[in-house]
Undergrad: 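Pasting a structure below so you can have a look.
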Amino acid sequence: LNPKRKKSLWQIGIDFERYVGYYYEQLGYKVRFHGALRAREDLGIDLICENSREILIIQCKRLSNLKGIPVRENTVAQIFGAAKFFESNPKAFFDRLGVSNAQPKKTVSVRPVLVTSYELSETAEQFSKALDVEVVDNFVVGKYPVIKCNVAPRTGEKIYHLPMDQQYDTVVIGDQEEECYVETVAEAEQLGFRRAYRWKGDGVE
């Protein structure tokens, strides 16, 4: 979270996605981090946010305000198309993330959303209105508790994950009552959570 820490463009983008995901989790959505896990195969979808009424298909664009380069219309068209593609076969996307039994109800609506730290070009705004793509612009990243405290669904084991841990972006917070975010390792351990092990394929470290 240190703003002075030097980061790659990839890490800057991931940090933005994680904060946007946290934001939507606080709004009551179950958030799956598709872009962080699928990288160049994400099909333009960074986050899949789901509640009982709708699924938001979100693309995140962190841009420099100093450079003054806005989001272009091709990005708006991409997230619109990605949402339609998801809507045609949502199970395939959840399978890509290793999520079983996640087929949403047919009555749940699917909506494309674009979240950016800057703004859209004039043409991109016209595209968003014509395609009914929700736009959240000038989105500011703030400080938040980044340690994920997760309860394993099968065993009930309480495990905390740091941002550099392997399973961090696969962990969904909010499925179990005791799951939460905390600011420090000490706080996580006081709540009875232990550090996630490193998975090596044939065992743990």
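The chain is numbered in sequence order, starting from 1. Basis for what follows: all heavy atoms, side chains included, without hydrogens, waters or symmetry-related copies. Everything quoted here is computed from the prediction, not taken from an experiment.
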Undergrad: Are the side chain of K158 and the backbone of C149 linked by a donor-acceptor contact shorter than 3.5 Å?
TA: no
Undergrad: Any idea which heavy atoms bring I173 and C180 closest together, and the distance?
TA: CG2-N, 4.0 Å
Undergrad: To the nearest 0.5 Å, what is the distance between CG on L56 and CD on E50?
TA: 10.0 Å
Undergrad: Where is the tightest heavy-atom contact between N51 and G28, given as atom of each residue plus distance?
TA: CB-O, 4.1 Å
Undergrad: According to the interplanar angle, ranging from 0 to 90°, do the rings of F93 and H34 count as parallel (below 30°), tilted (30 to 60°) or perpendicular (above 60°)?
TA: tilted
Undergrad: Given side chains that start at C-beta, do those of C49 and I58 come closer than 4.5 Å, heavy atoms only?
TA: yes
Undergrad: Which pair of non-hydrogen atoms, one from G21 and one from V31, has the smallest distance, and what is that distance?
TA: O-CG2, 3.5 Å
Undergrad: For L114 and L120, what are the C-alpha separation, side-chain angles and deciding distance, and is it a side chain to side chain contact (heavy atoms under 4.5 Å, CB included)?
TA: CA-CA 10 Å; L114 176 62; L120 275 63; 4.1 Å; yes
Undergrad: Any donor-acceptor pair under 3.5 Å linking the side chain of E157 with the backbone of A152?
TA: no
Undergrad: Look up atom NZ in K84 and atom CD in E87, then write down how far apart they are to the nearest 0.5 Å.
TA: 5.0 Å
Undergrad: State, with a plain yes or no, whether a side-chain heavy atom of I48 is found less than 4.5 Å away from one of I57.
TA: yes
Undergrad: Under the criterion side chain to side chain contact (heavy atoms under 4.5 Å, CB included), I'd like the reasoning laid out for F33 against L47: C-alpha separation, chi angles, the key distance, then a yes or no.
TA: CA-CA 5 Å; F33 293 80; L47 305 174; 3.4 Å; yes
Undergrad: When the aromatic ring centroids of F127 and F80 are compared, is their separation below 6.0 Å?
TA: no
Undergrad: Thinking salt bridges, do R62 and D15 make one under a 4.0 Å N-O criterion?
TA: no
Undergrad: Do V171 and I159 come close enough that some side-chain heavy atom pair is under 4.5 Å?
TA: no
Undergrad: Between Q26 and Y144, do the side chains contain an N or O donor and an N or O acceptor separated by less than 3.5 Å?
TA: no
Undergrad: Side-chain contact, heavy-atom cut-off 4.5 Å: Y160 with K148?
TA: no
Undergrad: Do V115 and Y23 come within less than 4.5 Å of each other through their side chains, counting heavy atoms only?
TA: no
Undergrad: Could you pull out the closest heavy-atom pair between F86 and I45, with the gap in Å?
TA: CB-CD1, 4.4 Å
Undergrad: Between D132 and R111, does the salt bridge (Lys or Arg N to Asp or Glu O under 4.0 Å) criterion hold? Intermediate values first, please.
TA: CA-CA 8 Å; D132 197 22; R111 294 199 297 119; over 6 Å; no
Undergrad: More than 12 non-hydrogen atoms from neighbouring residues, nucleotides or ligands closer than 6.0 Å to CD on E178, yes or no?
TA: no
Undergrad: Report the distance from atom CG of N74 to atom CD1 of I79, rounding to the nearest 0.5 Å.
TA: 12.5 Å
Undergrad: Do Q167 and T170 get their side chains close enough for a donor-acceptor pair, meaning under 3.5 Å?
TA: yes
Undergrad: For the residue pair L63 and E119, establish whether any side-chain heavy-atom pair is separated by less than 4.5 Å.
TA: no
Undergrad: I need the K30 NZ to E25 CD distance, nearest 0.5 Å.
TA: 11.0 Å
Undergrad: Any idea which heavy atoms bring P70 and S121 closest together, and the distance?
TA: CB-N, 3.5 Å
Undergrad: Just to verify, which of I12, V20, I14 counts as forming a side-chain contact (heavy atoms from CB on, under 4.5 Å) with F16?
TA: V20
Undergrad: I want to check something: taking the side chain as every heavy atom from C-beta on, are F193 and V151 in contact at a cut-off of under 4.5 Å?
TA: yes
Undergrad: Hydrogens and angles aside, do E179 and N150 bring a side-chain donor and acceptor to less than 3.5 Å of each other?
TA: yes
Undergrad: Is F85 atom CZ crowded by more than 12 heavy atoms from other residues, nucleotides or ligands, each under 6.0 Å away?
TA: no
Undergrad: If you measure from CD on E17 to CD on Q59, what distance do you get to the nearest 0.5 Å?
TA: 9.0 Å
Undergrad: Applying the side-chain contact (heavy atoms from CB on, under 4.5 Å) test to V146, which of Y181, Y22, Y168 qualifies?
TA: Y168
Undergrad: Write down the atom of V135, the atom of S128, and the distance for their closest heavy-atom approach.
TA: CG2-CB, 3.7 Å
Undergrad: Heavy atoms, side chains only, cut-off 4.5 Å: are R72 and T123 in contact?
TA: no
Undergrad: Between K61 and Y118, is NZ or CZ placed under 6.0 angstrom from the six-membered ring centre and within 45° of the ring axis?
TA: no
